[in-house]
There are 2 protein chains.
Amino acid sequence: MDNKYLTIYRDFAERIESGQLRVRTKLPSEHELTQLYGASRETVRKALNLLAENGYIQKVKGRGSFVLGVNRFEFPVSGLVSFKELAARIGKESRTRLVSLETVAPNRELADLLHIRANQPVWEVVRTRTIGGETIILDKDYLRRDLVPKLTKAICEDSIYEYLERTLDQSISFAKKVITVEEPTPEDQDLLEMKGYPMIVVVQNHVYLEDATLFQYTESRHRPDKFRFVDFARRHQ
Amino acid sequence: MDNKYLTIYRDFAERIESGQLRVRTKLPSEHELTQLYGASRETVRKALNLLAENGYIQKVKGRGSFVLGVNRFEFPVSGLVSFKELAARIGKESRTRLVSLETVAPNRELADLLHIRANQPVWEVVRTRTIGGETIILDKDYLRRDLVPKLTKAICEDSIYEYLERTLDQSISFAKKVITVEEPTPEDQDLLEMKGYPMIVVVQNHVYLEDATLFQYTESRHRPDKFRFVDFARRHQ
DNA sequence: AAGTGGTCTAGACCACGCC
DNA sequence: GCGTGGTCTAGACCACTTC
């Protein structure tokens with residue numbers, strides 16, 4: 001039992017995701033929630049604001065908070081979610097295959113991306129993702145070797161994020177994603193079932209730890225017909 | 001001068017964007033900020049949390065808040081920003097051209113998307129966007145006619161968002177974006193300089209008002225080589 | 001007038017980093 | 001031990017919606 005506001009948040013997030021709370025349902029008022037959870041109003045509000053920010057509810061001044069239906073049938077790929085978490089959500093049969101795992105010296109471009117010196121070794125992990133019987137995603141990960149001393153086939157085929165957060169005590173804090181569309185490389189053609197598609201969707205991911213050091217750079221290359229990115233955004237100000 | 005916490009937020013957001021506050025600079029402590037702005041600590045924290053959520057700063061327990069360099073040279077397309085705001089940011093010469101503006105009866109698919117009956121008329125606005133001399137974006141907007149009574153060529157070539165927020169008293173609250181890659185239609189080929197590219201990036205946008213009614217559906221179709229989507233995401237929990 | 005959410009305050013205790 | 005951010009409280013006033 002950790003945070004009070006996270007408890008309230010997760011409580012409602014679960015009930016909304018499961019459909020137990022229907023779309024357009026009115027939540028209890030903030031005053032009522034303070035009594036239900038034995039919390040102060042600001043604590044309740046912190047939970048409700050998180051729910052609103054993540055697309056679960058809409059708060060309307062003078063009326064109350066209402067369950068939204070936007071996120072219901074979509075899985076937002078925005079936010080930081082590992083492939084394993086994602087695969088679990090969509091419930092499709094999926095598989096990760098390790099292509100190669102080695103320590104390499106970064107070329108200048110990569111050293112630049114990771115903000116390290118050219119002689120500082122990095123892990124290079126190449127993996128393919130098979131979903132519904134088709135191999136459609138190629139993931140290339142580069143991690144700072146000084147921050148991740150050990151890496152095995154088993155870890156790579158399970159979830160690197162999980163390993164980092166559970167085993168090591170590194171916490172991932174934020175990431176910058178860049179989505180572009182490019183021509184497939186011979187490597188893409190070789191490792192993926194491209195089915196003649198002449199382009200590939202590239203999702204670059206810069207992953208940072210809590211102290212804001214960049215420690216991982218990932219390129220996730222998707223066959224275009226299977227690519228789908230969903231984002232929920234609020235207009236502030 | 002409206003909100004106290006928004007004042008603090010904008011103050012730092014501007015100073016960070018302008019480069020007046022350098023990357024890795026330490027912000028004043030929360031305690032110091034309460035005195036600088038004559039605000040309580042929770043108010044200061046609300047501003048700092050907004051800055052952190054939007055990628056401006058990183059808060060580190062026990063040490064302080066530090067300026068991040070992630071958002072500096074990128075313009076995040078995540079969040080809700082109109083094309084006009086976007087064009088202003090990147091500073092490139094750009095132009096919007098109205099292709100057609102009419103009232104149509106929605107087909108079933110569109111009526112479904114907008115959650116309206118099939119006999120309820122909607123605005124159909126088709127526009128092309130020219131950036132750096134090339135026409136590379138095709139925007140198709142559908143708006144509920146009951147919510148937007150008037151729409152002119154001038155408004156469409158300026159900014160529909162701006163018109164809605166300033167002239168009408170409608171406030172845009174949130175949106176759901178879906179990015180996919182498809183084959184170009186004859187219309188794409190006709191209106192855009194496709195240069196032989198065999199695919200097109202489609203950004204679907206469902207835009208909601210503050211009372212959570214869906215009032216606009218937009219399809220933004222981008223030539224793949226010029227498409228770029230940047231997203232900043234924090235890992236919560 | 002009563003109920004709702006939005007903002008703000010002045011305190012409190014805690015966990016963490018640093019010296 | 002001191003300064004830092006993270007959580008939480010019990011109140012206050014305001015603007016808005018509903019009746």
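Every chain is numbered from 1 and lettered A, B, ... according to where its sequence line falls, protein lines coming before strand lines.
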(message) Under 4.0 Å from OP1 or OP2 of D:dT7: is there any side-chain N or O of A:Tyr5 that close?
(response) yes
(request) List the protein contact pattern of nucleotides 12-19 of chain D with one symbol per nucleotide (5' to 3'): B for base contact, S for sugar-phosphate-only contact, - for none; contact means a heavy-atom distance under 4.0 Å. (result) B---BSS-
(message) Rounded to whole Å, how long is the line connecting atom CG of B:Leu48 with atom P of C:dC8?
(response) 14 Å
(request) Flag the pair A:Ile160 / A:Val148 as yes when at least one side-chain heavy-atom distance between them is below 4.5 Å, and no otherwise. (result) no
(request) Please state whether the phosphate of C:dG6, meaning OP1 or OP2, lies under 4.0 angstrom from any side-chain nitrogen or oxygen of A:Lys59. (result) yes
(message) Does C:dT4 have its OP1 or OP2 closer than 4.0 Å to a side-chain nitrogen or oxygen of A:Ser29?
(response) yes
(request) Only one of A:Ile131, A:Val203, A:Val201 passes side-chain contact (heavy atoms from CB on, under 4.5 Å) with A:Ile137; say which it is. (result) A:Ile131
(request) May I ask you to verify whether the side chain of A:Glu42 and the base of C:dC8 hold a donor-acceptor pair under 3.5 Å? (result) yes
(message) As an exercise, state the distance from NE2 of A:His222 to CZ of A:Arg228, rounded to the nearest 0.5 Å.
(response) 14.0 Å
(request) Determine: side-chain N/O of A:Ser65 to OP1/OP2 of C:dT4, distance under 4.0 Å, yes or no. (result) no
(message) Whether the A:Tyr56 and A:Glu17 side chains hold a donor-acceptor pair (N or O, under 3.5 Å, no angle test) is what I'd like checked.
(response) yes
(message) Can you tell me how far apart CG (B:Leu68) and OG1 (B:Thr25) are? Round to the nearest 0.5 Å.
(response) 11.0 Å
(message) For a 4.5 angstrom cut-off between non-hydrogen side-chain atoms, does B:Leu114 reach B:Pro106?
(response) no
(request) Return the value, rounded to whole Å, for the distance between atom CG of B:Asn3 and atom C1' of C:dT9. (result) 15 Å
(message) For D:dG6 and A:Lys4 - does any side-chain N or O of the residue sit under 4.0 Å from the phosphate oxygens OP1/OP2?
(response) no
